[in-house]
Amino acid sequence: MDIHGVFVSPLLVWGVVAFLISLAVRWVLRLVGAYRLVWHRPLFDFAIYVIVLGGVAALFPTVFP
């Protein structure tokens with residue numbers, strides 16, 4: 001992937017996008033109070049990140065061919 005003349009791995013770009021989306025998801029979950037039901041919060045946050053990263057990786061090639 002070429003960003004202003006610098007070649008960057010697509011996984012790095014997907015990871016940054018997934019991190020920003022997962023921050024928003026975690027903020028919403030905190031506001032709703034869903035973390036009261038979670039046993040291990042860091043593990044849950046990591047699982048959210050992995051799920052979002054998988055979704056971004058699956059959708060990115062179809063959105064930006």
Side-chain angles (χ1 to χ4, degrees):
M1 182 172 281
D2 183 17
I3 300 177
H4 299 292
V6 177
F7 289 109
V8 179
S9 171
L11 185 59
L12 178 66
V13 176
W14 298 341
V16 170
V17 171
F19 179 70
L20 296 175
I21 293 171
S22 69
L23 282 178
V25 169
R26 291 185 331 202
W27 180 72
V28 169
L29 288 175
R30 191 172 1 123
L31 284 178
V32 173
Y35 279 119
R36 290 180 291 127
L37 305 172
V38 174
W39 171 66
H40 197 278
R41 184 175 173 173
L43 184 62
F44 185 75
D45 290 341
F46 179 68
I48 289 173
Y49 174 74
V50 169
I51 291 169
V52 171
L53 180 61
V56 168
L59 290 177
F60 207 87
T62 59
V63 176
F64 300 105

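Positions are given from 1, in the same order as the sequence printed here. This structure is a prediction, so every number in the text was calculated from the model and none was measured.
In the hydrophobic clustering of ILVMFWY residues, with side-chain heavy atoms under 4.5 Å counting as a link, Phe60 and Leu12 come out together. Residues Val8 and Val17 are members of one and the same hydrophobic cluster, defined by side-chain heavy-atom contacts under 4.5 angstrom among Ile, Leu, Val, Met, Phe, Trp and Tyr. In the hydrophobic clustering of this structure, Leu37 does not group with Phe44; members are Ile, Leu, Val, Met, Phe, Trp, Tyr whose side-chain heavy atoms approach within less than 4.5 Å, directly or through other members. With hydrophobic clusters built from ILVMFWY side chains whose heavy atoms lie under 4.5 angstrom apart, Trp14 shares a cluster with Val6. Linking ILVMFWY residues whenever their side-chain heavy atoms come closer than 4.5 Å, directly or via other members, places Val28 and Leu31 in the same cluster.
Between the CG atom in Leu23 and the OH atom in Tyr49 there is a gap of 10.5 Å [rounded to 0.5 Å]. Here the CZ-CZ distance, from Arg26 to Arg41, works out to 7.5 Å after rounding to the nearest 0.5 Å.
Residues Leu29 and Tyr35 approach most closely at CB-CE1, 3.9 Å, considering heavy atoms. Closest non-hydrogen pair, Ser22 versus Ile48, comes out as CB-CG2, 4.2 Å.
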